[in-house]
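Along the sequence shown, the residues carry numbers beginning at 1.
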Amino acid sequence: MEVAGLLLGTLSTVETLLNAYKAVQEFVDDVKSFDDDKAAILAKVTAEKAITENLSELLFHGYGANDGAQCLFESLDKAMQSSVNLIFAEFAKNIHDYVPLGERYQLTGAKSGGSGGQKLIPAGSVDSPKAKLRWAIRDKRRLTGLVGDFQTWNQKITQLLELNLLSRQLQMARQQRPLDVKLQPPAAQSLGISDALAAQSKAVRNLDGSPNVQALVAGERISYKRPWMELRNARRPARGSKFEVGRFGDDAVLVDSKHFQGTQDDAQLRSSSARLDQLVSILQHLQRLDRAIPKCLCWMDRVDKGAHSLVFQIPPHLEPRPMSLFDALPTSSVASGLGLEERYTMAYDLAATVDRLHSVSWVHKNLRSDNIVFYHAKQSLRDGSNPIKEKRTGTTLPPDWFVYGFEYARPVDSYTSLKSDANLERNVYRHPQRWGVPTDAFAPVHDLYALGVVLLELGMWRRATSLVRQDGPRASDPVEIRNGLVERAKRHLGFSAGARYRDAVLRCLGGNFSANVGNADGSVVGQDNRDVELGAGFRSLVVDELRLLAYPDRESSQRIRQESWQTPLPGGGLSIDMSGMALV
């Protein structure tokens with residue numbers, strides 16, 4: 001199909017999609033008397049329709065203009081245009097599959113005046129006891145699944161476009177040039193693409209070979225540093241906690257500190273200040289994109305503590321009493337634990353958060369269960385908070401959790417510390433090449449190894465340190481530790497969490513996302529761990545697999561499978577990490 005045909009075909013499909021949204025909205029409105037959840041479902045459908053409209057605006061704004069400028073869809077290469085077309089077509093087909101839902105309620109298809117789209121109108125009463133019973137038992141679940149499918153398809157199309165634009169921006173940055181495409185600001189901002197591009201731009205501000213931080217020190221930047229005296233009532237929330245809680249302005253805050261030894265000279269102070277300003281700015285962009293990334297307000301130079309501290313807002317509806325996943329995990333096998341469905345959902349959300357960080361050329365570097373923190377809702381709101389329940393114990397884990405530990409996060413391309421650390425509770429999450437005095441600079445694949453350890457903890461519902469020997473020579477051998485974790489996963493994780501989950505964990509622990517990224521023994525292949533296959537392989541073999549477990553009732557989860565290809569960039573040159581979707 002020629003470019004013009006692809007564009008017109010995609011436009012037509014999007015028009016059909018928007019008409020289908022209207023039909024679903026009318027159906028929901030027709031049966032709203034069935035129960036009070038209808039208002040919430042209708043609100044979600046309306047919100048997802050707005051996202052699809054923004055995608056249409058982003059892709060096709062300016063098409064046919066007389067000034068000769070291209071719309072975004074026209075600027076994509078043909079392979080990407082075909083993928084966008086196919087995904088929208090599958091999206092529309094997914095909605096069409098729910099048409100029998102309306103037919104069962106005696107709703108018939110009719111042409112809506114002028115638009116040519118389908119309109120569902122009532123052909124009889126929908127308030128019969130039989131209809132109400134069917135709705136309560138089955139169809140409410142189907143409709144809720146449909147709304148979930150709306151969300152999944154919108155997310156995947158947005159991610160596809162975002163990754164393509166991030167790849168193009170990274171290529172332009174390597175040439176010291178700005179992104180070569182003009183985006184429609186309102187749509188790009190509403191979809192979060194502007195924040196992703198801004199975060200990556202700040203993460204890779206200098207790609208000419210000189211240290212990233214030097215450009216930050218020399219260039220103009222916003223300072224997010226605040227005097228430590230502005231932090232009030234700082235205290236440890238529990239004995240032994242690594243975090244502090246306190247007040248900053250009108251906000252309850254969590255304080256995450258990194259201690260340094262001795263004093264810093266002027267050059268070190270300028271460098272660390274630039275890096276912390278960069279980190280706060282990036283986190284503020286990412287917080288708007290990912291619910292698991294907390295809002296970073298500022299950083300402080302804690303002269304009294306010999307530390308640099310990041311200050312994070314605790315949302316006002318939550319109690320300022322943090323509890324880490326590490327604290328919740330038992331140190332031995334127990335008959336009770338967090339429900340498997342809840343663990344699947346948390347595992348998927350966590351993997352998606354790591355993917356989000358990597359997509360903007362940033363690595364976390366300190367991913368551990370003690371940096372995953374839960375908060376309870378305040379008492380006045382707790383009744384409706386739907387806490388995550390632990391089976392047979394009557395205790396709960398709240399649904400609100402965030403990832404911290406960003407004091408070590410850094411750009412992919414920047415210098416990495418090679419200092420030694422012998423603490424097993426930290427080392428168990430580290431790739432063998434990062435133990436002691438690390439032999440390799442930190443790379444995204446090392447984050448994925450740490451993710452694998454946390455996923456293993458979730459699947460086994462035990463601390464990782466309890467799964468390996470903690471005494472004798474093997475306790476200080478990184479390869480033996482890794483082998484012990486892999487062996488535990490192979491022998492027990494399939495039983496406790498299922499084969500699909502086990503395989504996702506083993507891929508993280510082994511770095512097995514493609515033939516060019518890792519070996520089965522966990523060693524990393526090649527000099528460039530940002531190989532084009534790493535991100536795509538991780539999304540396909542881990543993120544998408546975990547989504548299938550977290551949302552098994554969504555038809556979209558079954559239809560979408562991400563694969564990778566190398567996207568030739570304008571003017572030739574190096575291919576950049578790119579993920580696309582194949583529909584199976």
Residue pair Leu146 / Val45, side-chain heavy-atom distance below 4.5 Å: no
Say you draw a straight line from CG of Asp149 to CD of Glu90; how long is it, rounded to the nearest 0.5 Å? 11.5 Å
So His446 and Lys365, do their side chains get closer than 4.5 Å, heavy atoms only? no
Run the numbers on Thr52 and Phe91 for side chain to side chain contact (heavy atoms under 4.5 Å, CB included), then give the verdict. CA-CA 10 Å; Thr52 305; Phe91 190 172; 3.9 Å; yes
Any heavy-atom pair between the side chains of Val360 and His285 that's under 4.5 Å? no
Please report the closest heavy-atom contact between Ala550 and Thr345, naming both atoms and the distance. CB-CA, 3.8 Å
Does the side chain of Tyr21 come within less than 4.5 Å of Leu18's, by heavy atoms? yes
Going from CD on Gln313 to SG on Cys296, what distance comes out if it is rounded to the nearest 0.5 angstrom? 11.0 Å
Counting C-beta onward and ignoring hydrogens, is there a side-chain heavy-atom pair between Gln169 and Met172 closer than 4.5 Å? no
Atom CD1 of Ile372 and atom CE of Met346: how far apart are they, to the nearest 0.5 Å? 5.0 Å
Within the structure provided, determine whether Leu367 and Val403 are in side-chain contact (heavy-atom separation under 4.5 Å). yes
Verdict with supporting geometry, Leu161 and Leu76, side chain to side chain contact (heavy atoms under 4.5 Å, CB included): CA-CA 9 Å; Leu161 293 172; Leu76 303 174; 4.2 Å; yes
According to ring-ring contact (aromatic ring centres under 6.0 Å, His included), who are the partners of Tyr224, at least two apart in sequence or on a separate chain? none
Evaluate the ring planes of Phe374 and Trp401, with Trp represented by its six-membered ring, and classify them as parallel (under 30°), tilted (30 to 60°) or perpendicular (over 60°). tilted
How far apart are the closest heavy atoms of Leu340 and Ala497, and which atoms are they? CD1-CA, 4.0 Å
Check side-chain hydrogen bond (donor to acceptor under 3.5 Å, both in side chains) between Thr10 and all other residues, then give those that pass, not counting sequence neighbours. Asn85
Test side chain to side chain donor-acceptor pair (under 3.5 Å) applied to Gln25 and Lys22, step by step: CA-CA 5 Å; Gln25 286 175 312; Lys22 294 176 184 176; over 6 Å; no
Where the side chain of Asn154 meets the backbone of Glu48, is there a donor-acceptor pair that is under 3.5 Å apart? yes
Could you tell me if the side chain of Ser359 sits less than 4.5 Å from the side chain of Leu166, heavy atoms only? yes
Under a 4.0 Å N-O cut-off, is there an ion pair linking Arg500 with Asp503? no
Locate the shortest heavy-atom distance separating Leu534 from Val445; write the atom from each residue and the value. CD2-N, 4.2 Å
Got a donor-acceptor contact below 3.5 angstrom from the Gln278 side chain to the Lys202 backbone? yes
Within the distance-only criterion (no hydrogens, no angle test), does the side chain of Asp77 pair as donor or acceptor with the backbone N or O of Ala79 below 3.5 angstrom? yes
Checking the side chain of Thr13 only, and the main-chain atoms of Gly9 only, is there a donor and an acceptor separated by less than 3.5 Å? yes
Distance-only, no hydrogens or angles: does the Ser75 side chain make a donor-acceptor pair with backbone N or O of Leu72 under 3.5 Å? yes
Could you tell me whether the side chain of Asp290 and the main chain of Arg356 form a donor-acceptor pair under 3.5 Å? no
Rounded to the nearest 0.5 Å, the CZ atom of Phe402 sits from the CD atom of Gln287 at a distance of 8.5 Å
Basic-acidic side-chain contact under 4.0 Å: Asp195, Arg288: yes
Expected output: side-chain Asp256 to main-chain Gly405 donor-acceptor under 3.5 Å: yes
So, Tyr551 and Thr152: side-chain donor and acceptor under 3.5 Å apart, yes or no? no
When rounded to the nearest 0.5 angstrom, what is the spacing between CZ in Arg539 and CG in Leu163? 4.5 Å
Do Tyr63 and Phe73 make the cut of ring centroids closer than 6.0 angstrom? no
Please give me the minimum heavy-atom distance between Pro444 and His358, naming the atom from each residue. O-CE1, 3.4 Å
Atom pair CG (Leu160) and CD1 (Ile87), whose distance is rounded to the nearest 0.5 Å: 4.5 Å
Distance-only polar pair, side chains of Lys78 and Gln81, donor-acceptor under 3.5 Å: no
Contacts of Thr158 that satisfy side chain to side chain contact (heavy atoms under 4.5 Å, CB included) - sequence neighbours left out: Leu55, Leu191, Ile193
Apply side chain to side chain contact (heavy atoms under 4.5 Å, CB included) to Leu286 and Thr353, showing your working. CA-CA 10 Å; Leu286 293 179; Thr353 296; over 6 Å; no
Can you see which heavy atom on Ala504 is nearest to which on Leu546, and at what distance? CB-CD2, 4.4 Å
Decide side chain to side chain contact (heavy atoms under 4.5 Å, CB included) for His364 and Val354; before the verdict, give the C-alpha distance in whole Å, the side-chain angles of both, and the deciding distance to 0.1 Å. CA-CA 8 Å; His364 186 279; Val354 173; over 6 Å; no
Taking side chain as C-beta onward, heavy atoms only, is Lys295 less than 4.5 Å from Phe312? no
For the pair Gln171 (side chain) and Arg168 (backbone), establish whether a donor and an acceptor sit closer than 3.5 Å, ignoring hydrogens and angles. no
Grab the two heavy atoms, one from Gly452 and one from Val505, that are nearest each other, plus how far apart they are. O-CG1, 3.6 Å
